[in-house]
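Chain naming here is simple, since letters A, B, ... match the order of the sequence lines and numbering starts at 1 in each.
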Amino acid sequence: MFSGRLQEQYTDSTQQSETAQLGMWVFIATEVMFFGVLIFSYMIYRVAYPEQFRLAGHDSFILLGSINQALLITSSLTMVLAVRAAKADQQRALVLLLGVTAALGLAFLGVKGFEYAKDAAAHSVPVVDYIFKPGEHRPTEIFWCFYFVATGLHAIHLSVGIALVLILLVRASQGAFSPGYDAPLEVIGLYWSFVDCVWFFLFACIYPLGRAGP
Amino acid sequence: MSAVDIGMAGAVPRSYLGEEYTLASWLFTRDHKRIAILFFVSITVFFFIGGFAAALIRLQLLNPAGTLFQPEVYNRLFTMHGIVMVWFFLIPSIPATLGNFLLPLQIGARDLAFPRLNLFSWSLFTFSGLWAIYFIFIGGNDTGWTFYEPYSSNFANGHVIVAAVAVFINGFSTIATALNFVVSTHRLRAPGMTWFRLPLFVWAIYATSIVMLLATPVLAMTLALVAIERFWGVGIFNPVLGGDPILFQHMFWFYSHPAVYIMILPAMGVVSELVTCFARCPIFGYKGMCYALISIAIIGFFVWGHHMFTAGISLTSAVFFSLMSFIVAVPSAIKVFNWTATLHNSRISFDAPMLYALGFVGLFTIGGLTGLILATLSADIHLQDTYFVIAHFHFIMVGGTVSAYFGGLHYWWPKITGKRYPEMWARYAAILTFVGFNFTFLPQFILGYLGMPRRYYTYAPDLQTWNVLSSAGASILAVAYALPLIYLGWSLFHGKRAGPNPWGATGLEWRTSSPPPKQNFPRTPVVTELPYRYDPRDGSYTTQDGVHFAEPTLGEASV
Amino acid sequence: MAHVWLPFWPKNAALSASLIDLIDIGEFCLVLLILSFVFGMMLVFCLKYRRGSGAARHLPNPKSWHWEIGWTAATLVAFLVLFVIGAKAYLFLYKPPAHYQLELYVVGKQWMWKIQHPGGQREIDAVHIPVNRVIKVILASQDVIHSFYVPAFRLKHDVVPGQFETFWFEADRTGSYPLECSEFCGVEHAHMIGTVTVMSDSGYARWLADQGATESLAQQGFGLFRRYGCSGCHDPASTVHAPLLDGLFGSVVHLADGRSMVADERYIRDCILLPATQRVAGYPPVMPSFQGQLSEEDLVRILAYIKSLSARHSP
Amino acid sequence: MSARMPPEPVGPYVIGWAVLLLLLGLSVLAAYEPIGPIFQPIVHFGIAATQTAIVFILFMKLRGRPSLKWVFAAAGFFWLMFLFGLSTVDYATRSGFPLR
Ligand code: HEA
Ligand code: HEA
Ligand code: CUA
Ligand SMILES: [Cu+2]
């Protein structure tokens, strides 16, 4: 999918690039199902235990979650600008923007790690160290299970994205991309922006709960 | 038929088999045909592992006291049997081998859209297969292939996490292959190959791939949640936390019912090819067959609750799911009737692939009709989780899909290897499969109605007769399945050379040499015809690129 | 009584079995009919149109949809008929009964069935019931999912941990019949079996008396109600502002978050184990959770006690 | 894709980025407003969906002529509706739900 030359089953590089993008869209459809079913299970319990989820959500750190969302949104911008730079044959800008994208992704992971540490300090890790706050009962643990599974899987996806962007960075600095050949950038750009979208929904699941009083 | 006939001027290019001989040229190939062979080898290994477990199951059930194996061992046997057969054999069987080999050929492409992804898919499959073998060696697990909560996370004794990981990785291999098929079908069709000129096998693989793409991620997530719950000790299905075990069933069957159509749709595609070719008559209702495939794929997503009729879902939803289960059977009925109608006004020769195909139609119909009985709400209260269910799905999956798989394998064997298999032996094997199959699984319907629950290592003594019959049948079946392994292997070295189109079939895959060259076609074919332009009056046919031929002499293959 | 005249037909001992058998026999006949039709056609065509035969063949007709529409419509109609019949019977058989003459409390546990009778009699892997009585069964599981299956009644219902399931049956012949667990539940799943003994009224009365039960289930429940401190709050004399449980069972309860529920077995179970999830409107949220303190069997006893309160007070 | 196109304007991307941040701010603000248990999920998931739509259309270039890409971009979401919808048939009518 990422080799530079035209493969034998294609007639021209436009067909090849379009096809690669289509492939990524199909993959994104499967990712929607993957995260969608997790959010589905969350919704079932949220409807069943509204009060408990409110209490549990109250203990999440909305400031960190928001900072992270801002980081991701910005990284999506730099990623799409990187693709644009390649199309305009601006090699220095391309390398720079890819670098910024990866850095923003790493910053997200850093903040996330810090947030996990704070969750642990607040005794919100089921089984390992979990203390019920006043009014809380067992279903709050379901909320925290969901929290760790969902954000963990998202972090794994993001790490894969960072690795891919770093590969692109190396290849871009070797001058691999040109206005005539940017399919890998387009494809990985799609992936990157999609991982960003997943976060929008996780944010809506986790952080706004239980902030406004009953 | 000379090389000129099939539009290949000059020297015949070297076949994909003869390109290179090193191991690396196989393991790192990006040729869809070689990858198909790689898959073929892998899943054959798993078929025999799963079949070995089946043999042990039937051995245990010879005796009502169930003294051969400890209960723990028996539970691990059927779990391993189910997991291996479903995920490591049947789901990849037709798509990843025949599909991989034939899809590009039938649409007139040089390869799939993403050859590296294709190889990656096989590597993932192998990796998951190694996990599965590791899993078997460390003793397996005892949850059944359904991993029901909360048993699998908090109570099971075996290696649930290892099993879940194996299936999880396997799922991504499935997704990669399906993605490749979908994109290739959209983008790489030869000029003139419109949607309604696609062979039904391509339609079937396409429909299957759509189901794989939309369903498999759900399984991946569900099993990930099970593994995490088991590892961590708490999780979202745990009733102690207020979790709902039935939610797990919803999520599992949202995948697993569509998955049973993943297992049957490709078989339907294969059988459609075989029936028309050997009946030398165009398929009856080609478009109806296409729509039926797609509607099975779609409606198949709305019926999952029929596995949960007795599990405590609401009565309203049980009624709804029962209704949908009946509706999804309508397109299957269309297919059965169309296959039968194709035989009308035809010119049938009973070569081994056709025998397998006829066996498929019969056994699938029995399996499908008993599926309807299970979908009838009142009947399912009695029959749920009994041997009736076991018989139902073996009829469809073994009598149906496995037969179709063997039929397709024989049919395309000359294309894949360039060699003819010994026809007489193959017919014996096909007939033996049919006989052995019915011996094995017909008694199980009776056992089920008499109330023998599944997953029992011991049973009431008055049921022994039926169980003995079933075990006896299974030993016939084992022979019938071992036979092709022997003579197909033999034909690799001693088989007669096959021409490019030994059966006189119309598809593009027959318009290149056997075995095909690495690039598939010397030059991209241009499609001008509908598929299946056979003439029953004299057996002549017109290939999809518009060349008319007389009926081939099938030699020993004619009746 | 299909087993009398059909070979290999299993014994039938209940209303439900007769009904299900009737539908199944009809369906089997239909299936056989269709099979012989399909197989017959295939056979005829295969013989008539085999390659060597001299049958007249014509150019395949141009496409007409008549046949396809015809058989699609026919199957659809047949399917809808089957669906309706099956669904009606299911709703009849699976709806919790409005009226019943006896209750049976069943707790499934790896790998045994524990049965409690309202009179306080207990048995393991054996069920004794009177003939011709509508019996309501309340199912609970202590660990994993089991399934309560009596082939002679053609009935089963899964037993799901974390909730009460209810269903009913009415046996109509005396005798003893196997009881099985049909949902895989672990090593000895195959040994989670027992017998259901259907007895005449007098035999049943004698059996009950012979069990030597001194306290009824509700009385045992009352003991627990005091022991676990429930009465400390729910007693009319208590100073805590907690609802009186008299007449609760079967009534409609309004919850603090605006929903209203029928107080059935599941509701009461959740009140005791997960009180935080359903606060009754107008009361302080002080009721503690008894999750992990009460076994399934004790829960069943308390439930029987709370139900008995309704029986006493409702009109 | 072909070489030597005039570079795309940066403006729309930057505006999109700003709107996304704005929506994030809105979401945080809404979290602190007592809007009730019904509106809460509607508002927050609505914001997430809007954000996703912006990213899909702008950053992931789903603009222009209708194409196959649209179908697959929508497929996952469309299909999730069946999972949510049909399971809800069960949960909404099961005795005891929402409490299970
Ligand atoms: C390839 C696999 C496959 C296929 C295609 C099917 C197809 C069908 N299945 Fe099956 N099924 C399984 C594999 C499959 N199944 C498995 C593995 C299980 C058990 C899982 C487990 O618990 O481990 C299972 C279990 C299962 C159950 C649950 C049983 C239980 O546990 O209680 C039910 C219930 O409704 C069911 C129904 C159906 C129906 C209605 C169809 C229909 O699609 C069939 C349609 C076909 C026909 C109907 C035949 C042709 C039609 C005609 C000739 C028309 C004329 C007919 C009339 C007019 C009546 N299946
Ligand atoms: C695709 C799938 C597939 C296939 C092909 C098969 C094939 C067979 N199955 Fe399988 N089966 C399942 C899928 C499949 N099964 C599933 C999903 C379950 C449910 C598991 C669960 O409950 O979790 C199940 C459960 C199951 C049970 C019920 C176990 C129980 O509930 O207690 C039984 C019992 O008879 C059985 C028998 C057989 C037999 C006899 C074959 C035969 O067709 C196999 C024939 C093949 C061979 C025998 C191998 C070839 C020959 C040799 C290797 C030569 C050497 C042979 C000998 C030494 C005899 N199967
Ligand atoms: Cu209890 Cu099986
Ligand atoms: Cu199903």
>> For the CD1 atom on Ile38(D), are there more than 12 heavy atoms of other groups (residues, nucleotides or ligands in this structure) within a distance under 6.0 Å?
In response: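 No.
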> In this structure, are over 12 heavy atoms from other groups packed under 6.0 Å from Phe132(A) atom CZ?
Replying inline: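 Yes.
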>> Run the side chain to side chain contact (heavy atoms under 4.5 Å, CB included) test on Ile28(A) and Phe72(D) for me, step by step, so that the C-alpha distance in whole Å, both residues' side-chain angles and the decisive distance to 0.1 Å come before the verdict.
In response: CA-CA 8 Å; Ile28(A) 285 173; Phe72(D) 285 106; over 6 Å; no
Chain A interface, residue from [options] that has the most non-hydrogen pairs under 4.5 Å:
options	value
Leu23(D), Thr52(D), Ile47(D), Val43(D)	Thr52(D)
Phe84(D), Phe77(D), Trp79(D)	Phe84(D)
Gln40(D), Gln51(D), Lys61(D), Lys69(D)	Gln51(D)
Val28(D), Val55(D), Leu24(D)	Leu24(D)

Identify which of [options] forms the greatest number of heavy-atom pairs closer than 4.5 Å to chain D.
options	answer
Asp196(A), Asp89(A), Thr74(A)	Thr74(A)
Val26(A), Val198(A), Val83(A), Leu63(A)	Val26(A)
Pro208(A), Gly189(A), Gly65(A)	Pro208(A)

If you round to the nearest 0.5 Å, how far is [atom2] of [Y] from [atom1] of [X]?
X	Y	atom1	atom2	value
Ile39(A)	Leu83(D)	CD1	CG	11.5 Å
Leu20(D)	Leu77(A)	CG	CG	9.0 Å
Ser27(D)	Tyr207(A)	OG	OH	11.5 Å
Met43(A)	Ser87(D)	CE	OG	12.5 Å
Thr88(D)	Phe40(A)	OG1	CZ	6.5 Å
Tyr13(D)	Ser76(A)	OH	OG	11.5 Å

>> For Ser193(A) versus Phe59(D), what's the shortest heavy-atom pair and its separation?
In response: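 Closest approach of Ser193(A) to Phe59(D): OG-CB, 3.8 Å.
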Within the structure provided, determine whether [X] and [Y] are in side-chain contact (heavy-atom separation under 4.5 Å).
X	Y	result
Tyr32(D)	Ile62(A)	yes
Trp25(A)	Leu68(D)	no
Arg46(A)	Pro41(D)	yes

> Aromatic rings Phe56(D) and Phe194(A): how do their planes relate, parallel, tilted or perpendicular, breaks at 30° and 60°?
Replying inline: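 Correct class here is tilted.
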> Of the backbone (N, CA, C, O) and the side chain (C-beta and beyond), which part of Leu202(A) lies under 4.5 Å from a heavy atom of chain D, both, or neither?
Replying inline: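 For Leu202(A), there is no contact with chain D at all, as no heavy atom is under 4.5 Å.
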> Where does Leu81(A) contact chain D at under 4.5 Å (heavy atoms): side chain, backbone, both or neither?
Replying inline: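 Only the side chain of Leu81(A) comes within 4.5 Å of chain D.
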